[in-house]
Structure formats: C-alpha cells, structure tokens
Novice: 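Please find one structure pasted underneath; my questions will follow.
Note that the structure is predicted; figures quoted are calculated from it, not measured. When a ligand or atom number is given, it counts from 1 through the structure's own listing order.
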Amino acid sequence: MQLQGSTVLLTGASGGIGRATARALNARGAKLLLSARREDVLEEIRAELGGRPDVLAVDLSDRAGPATLAERAGAVDVLVANAALSAGGRAERFSAEEIDAALDVNLRAPIQLTRALLPGMLERGRGHLLYVSSLSGKVASPRGGLYSATKFGLRGYASGLRQDVEPRGVGVSVIYPGFISQAGMFADSGARLPPWVGTRTPQQVAEAVVSAIEKERAEVDVAPLSLRAGSMLAALAPVTLGRIQRRLGSEGVAESIAQGQRPKR
Ligand SMILES: NC(=O)c1ccc[n+]([C@@H]2O[C@H](COP(=O)([O-])OP(=O)(O)OC[C@H]3O[C@@H](n4cnc5c(N)ncnc54)[C@H](OP(=O)(O)O)[C@@H]3O)[C@@H](O)[C@H]2O)c1
C-alpha cells in the first residue's frame, strides 16, 4: 500500500501517539482525515501540518458516532483505528457507563468503522485496516482487565478479518505498543516504572504504523525484548506469568497508572 496520495482516516489524532502518527503519515504524502472529540487540538495539528489534513470531530462513545464518522469521511483507503480510553482500575470501581465507554471507544468503534469502510475498499480492490492495540492485548496485568478485554478483542477481530479480506486486496495490521514515554496515556498518568522496564516513544509507534501499512505487516510490537518475551510467555502460561509479574511489583505500578489515568475514564 502506497501512502502517497492515499486517503487515511486517523482516529485518536489529538492524543500523544495520534499526533506523532499524523506527522509521520503527513510526511509520507497521505491525505489525512484527523478525528477525535477535541476539535481545537485537531485544528492545532492541522495548522502544524500546513493546513493539509481535514478535521472530523466525532465522539466515538456515541452509538451513532462511528457511522457518522465513516459517512463524513467518504472514500477512505486506510483506516488507522487508534482512539482509546485507558480504562484501568478494579472491576468493582467502574460505573456501568465507564465500562460501556471503554468497550465502545476501544472495540466497538473500530469494528463499526471497519464495517462501514470495508465495502468501498473491497470494491476498489485496495485498502488497509490498522488497529492500535497494546501489549495489554497479549498479556493482562492487575487493574487492566477491562482495557485488556478491548485490546485482546481487537487482536481477535483483526486476526479473523485478515483471513477474509487479504485475498481480496485489503491488508490488516495490528500494532502492540508497550509503555510509551513522552506523550500519551501512560506518560500522562505520571506513573513511574521500575528502572529495568524500558519504554518506547510515540515516534517509534508512528514509524511502526507507517511501516506496517507500507509493508503489509500483520503484527508489530513496539516494546523492548523483555516485555515482548513476557507477552510470549503469557500466551503459553498466563497464570505463571501473572505470578512473576506480581513478584516483580506489577501491582504497585498498575495501581499508580490506574490512579493517574482516572480522569480519562
Ligand atoms: N501511551 C501508551 O503507553 C500506550 C501503550 C499501548 C497502547 N496504546 C494505545 O495507543 C493508542 C493511542 O493512545 P495514546 O497514548 O495516544 O492515548 P491518549 O493520548 O490518551 O489519546 C487517546 C485518543 O483517543 C481519543 N478519544 C478518547 N475518547 C474518545 C471518544 N469518546 N471519541 C473519540 N475519540 C476519543 C482522544 O481524543 P479526544 O480526547 O480529543 O476525544 C485521543 O485523541 C490507544 O489505542 C492506546 O490504547 C498506548
């Protein structure tokens, strides 16, 4: 998939990873449609990118949000489904509305956007669907059950979808960032990691997004080897990995991330 001249719809464009991804896609010559709720932030990014992108402010937690966004976007060659809520905390401390918002923004919206945009891609025999999951979509942590439910869900959806649509000319990628420094939901939480846990930057996630689209890569981790190895062990022995995580102090880290992210529920 060539990004130059392709129309790319990017959700979550006003966030830490979204902004870096908008810059990277713009630099490849994509015609960008930037979406999120905060129109003022989207306008600021549009101005930074020389006024080239279009801005579509839509709330994806609304029932009609994804369909409205797809309709306003028109013909889209590439979907980058990046918007999400951090949704960390103990299960009994979420309101029913907070649970719905996390499921709607993180999982329902990407699936509904796909449903709306895919027929056009199939008709043109050309398109790409990219979902920003998380290493939490491969390994769950304390306080992370709801977030992981949405991020594991994206992986499952994309894995099945890929087999249906790739033979018909539409690529499917999933990106799995670990802890991202500098900007975005983890950095904004103010939580501190133990010194042995490495991070990656929003720019590295953005580069992974560009390369996954251009090189049709199915799955890309953006995390240090230690975290990637942990996610592999989680697939083989989730209970053992959970015990190891807790011995290494994951409860304290997870609690401080959840506290720091509370305003973003
Ligand atoms: N940062 C990390 O360490 C990390 C690690 C792994 C995975 N990820 C994933 O990377 C992606 C980007 O995260 P980030 O770190 O950039 O987070 P972020 O800075 O909190 O940005 C989240 C984005 O989602 C949008 N959003 C939230 N609720 C929305 C709603 N109801 N309707 C429409 N848009 C909504 C926000 O825009 P508005 O507030 O303007 O609506 C914002 O643009 C997410 O999928 C996240 O799960 C992040």
Side-chain angles (χ1 to χ4, degrees), residues 9-24 34-45 55-66 68-69 72 79-88 97-98 100-110 112-113 130-141 144 146-155 158 174-191 193 197-206 208-209 220-224 227-228 231 253-254 257 260-265:
L9 172 60
L10 169 64
T11 70
S14 61
I17 289 173
R19 188 185 280 254
T21 303
R23 287 183 186 132
L34 304 176
S35 188
R37 287 165 304 178
R38 288 170 294 160
E39 197 164 4
D40 55 331
V41 182
L42 296 176
E43 286 295 347
E44 190 189 298
I45 299 167
V55 159
L56 302 170
V58 171
D59 187 340
L60 293 174
S61 68
D62 282 352
R63 267 347 244 178
T68 304
L69 176 57
R72 287 178 60 192
L79 168 67
V80 178
N82 166 71
L85 296 172
S86 41
E97 292 74 23
E98 286 170 342
D100 283 345
L103 294 171
D104 285 349
V105 176
N106 297 16
L107 186 58
R108 178 180 179 273
Q112 291 286 359
L113 281 171
L130 182 143
Y131 307 93
V132 181
S133 175
S134 165
L135 272 198
S136 300
K138 294 184 177 185
V139 53
S141 307
L146 177 58
Y147 182 67
S148 275
T150 65
K151 296 300 184 177
F152 272 69
L154 276 184
R155 186 183 200 198
V174 188
I175 307 294
Y176 300 94
F179 295 106
I180 302 303
S181 61
Q182 299 177 4
M185 57 174 66
F186 167 70
D188 293 348
S189 78
L193 292 171
V197 181
T199 58
R200 293 289 183 261
T201 64
Q203 292 70 31
Q204 286 172 305
V205 180
V209 168
V220 185
D221 290 340
V222 188
L227 293 183
R228 283 162 32 217
S231 75
V253 174
I257 294 174
Q261 291 177 336
R262 228 189 126 68
K264 279 200 185 175
R265 272 191 192 173

Novice: Of the side chain and backbone of I17, name the one, both, or neither that has a heavy atom under 4.0 Å from an atom of ligand 1.
Specialist: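 Both backbone and side chain.
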Novice: Can you pull out the closest protein heavy atom to atom 44 (C) of ligand 1? Residue, atom name and distance to 0.1 Å, please.
Specialist: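 Going atom by atom, the protein heavy atom closest to atom 44 (C) of ligand 1 ends up being N82 O, 3.1 Å.
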Novice: Just by distance, do the side chain of R108 and the backbone of R63 share a donor-acceptor pair under 3.5 Å?
Specialist: yes
Novice: Can you find a non-hydrogen atom of Y176 under 4.0 Å from ligand 1?
Specialist: no
Novice: Please identify which atoms of ligand 1 are closer than 4.0 Å to at least one heavy atom of D59.
Specialist: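 Under 4.0 Å from D59, ligand 1 has these atoms: 30 (C), 31 (N), 32 (N).
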Novice: How far is atom 15 (O) of ligand 1 from the closest protein heavy atom, and which atom is that?
Specialist: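 Protein heavy atom at minimum distance: M185 N, 2.8 Å.
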Novice: Closest non-hydrogen protein atom to atom 8 (N) of ligand 1, residue and atom name please, with distance?
Specialist: Y147 OH, 3.7 Å
Novice: Could you list the atoms of ligand 1 found under 4.0 angstrom from a heavy atom of S61?
Specialist: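 That gives atoms 31 (N) of ligand 1.
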Novice: Below 4.0 Å from any atom of ligand 1, is there a heavy atom belonging to V58?
Specialist: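 Distance cut 4.0 Å: V58 passes for ligand 1.
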Novice: Taking N or O atoms only and a 3.5 Å limit, does A36 qualify as a polar contact for ligand 1?
Specialist: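 Between A36 and ligand 1, no N or O pair is found under 3.5 Å apart.
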Novice: Would you compute the distance between atom CD of Q261 and atom CE of M185 and round it to the nearest 0.5 angstrom?
Specialist: 6.5 Å
Novice: Using a plain distance cutoff, I'd like to know if G184 has any nitrogen or oxygen under 3.5 Å from a nitrogen or oxygen of ligand 1.
Specialist: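 In fact, backbone or side chain, G184 has no N or O that close.
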Novice: Just which atoms of ligand 1 are under 4.0 Å from any heavy atom in A83?
Specialist: 24 (O), 25 (C), 34 (N)
Novice: Let me confirm one number: the OG-OH distance from S136 to Y176, rounded to the nearest 0.5 Å.
Specialist: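 Reported to 0.5 Å precision, the distance equals 12.0 Å.
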Novice: Check whether any side-chain heavy atom of L69 sits under 4.5 Å from a side-chain heavy atom of L9, and report yes or no.
Specialist: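 The answer is yes; the side chains approach within 4.5 Å.
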Novice: Looking at atom 32 (N) of ligand 1, what's its closest protein heavy atom, distance included?
Specialist: L60 N, 2.8 Å
Novice: Just jot down the ligand 1 atoms closer than 4.0 angstrom to any heavy atom of L85, in number order.
Specialist: 27 (C), 28 (N)
Novice: Could you tell me if any non-hydrogen atom of A101 lies under 4.0 Å from any atom of ligand 1?
Specialist: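 It does not, in that no heavy atom of A101 comes within the 4.0 Å cut-off of ligand 1.
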Novice: Starting from atom 43 (O) of ligand 1, which protein heavy atom do you reach first, and at what distance in Å?
Specialist: S14 OG, 2.8 Å
Novice: Can you tell me the protein heavy atom closest to atom 7 (C) of ligand 1 and the distance?
Specialist: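 Protein heavy atom with the smallest distance to atom 7 (C) of ligand 1: S133 O, 3.3 Å.
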Novice: Going from CD1 on I175 to CG on L135, what distance comes out if it is rounded to the nearest 0.5 angstrom?
Specialist: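 Here the interatomic distance stands at 11.5 Å.
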Novice: Run the contact test for V41 against ligand 1 with a 4.0 Å cut-off on heavy atoms, strictly below, and give the result.
Specialist: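 No, V41 has no heavy atom closer than 4.0 Å to ligand 1.
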Novice: Got an N/O contact under 3.5 Å between I180 and ligand 1?
Specialist: yes
Novice: Any ion pair linking E44 and R38 (charged N to carboxylate O, less than 4.0 Å)?
Specialist: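 No, no charged N to carboxylate O under 4.0 Å.
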Novice: Please confirm whether G12 comes within less than 3.5 Å of ligand 1 when only nitrogen or oxygen atoms on both sides are compared.
Specialist: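 Between G12 and ligand 1 (N or O atoms, distance only) the closest approach is under 3.5 Å.
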Novice: Regarding ligand 1, does D188 bring an N or O atom to under 3.5 Å of one of the ligand's N or O atoms?
Specialist: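 No; the residue has no nitrogen or oxygen that sits under 3.5 Å from a nitrogen or oxygen of the ligand.
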Novice: Starting from atom 20 (O) of ligand 1, what is the nearest protein heavy atom, named by residue and atom, and what distance separates them?
Specialist: K264 NZ, 2.7 Å
Novice: Please state which protein non-hydrogen atom is closest to atom 28 (N) of ligand 1 and give its distance, to 0.1 Å?
Specialist: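 Ranked first by proximity to atom 28 (N) of ligand 1 is R37 NH2, 3.2 Å.
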Novice: Looking at ligand 1, is there an atom of it that comes within less than 4.0 Å of some heavy atom belonging to K151?
Specialist: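 So K151 counts as touching ligand 1.
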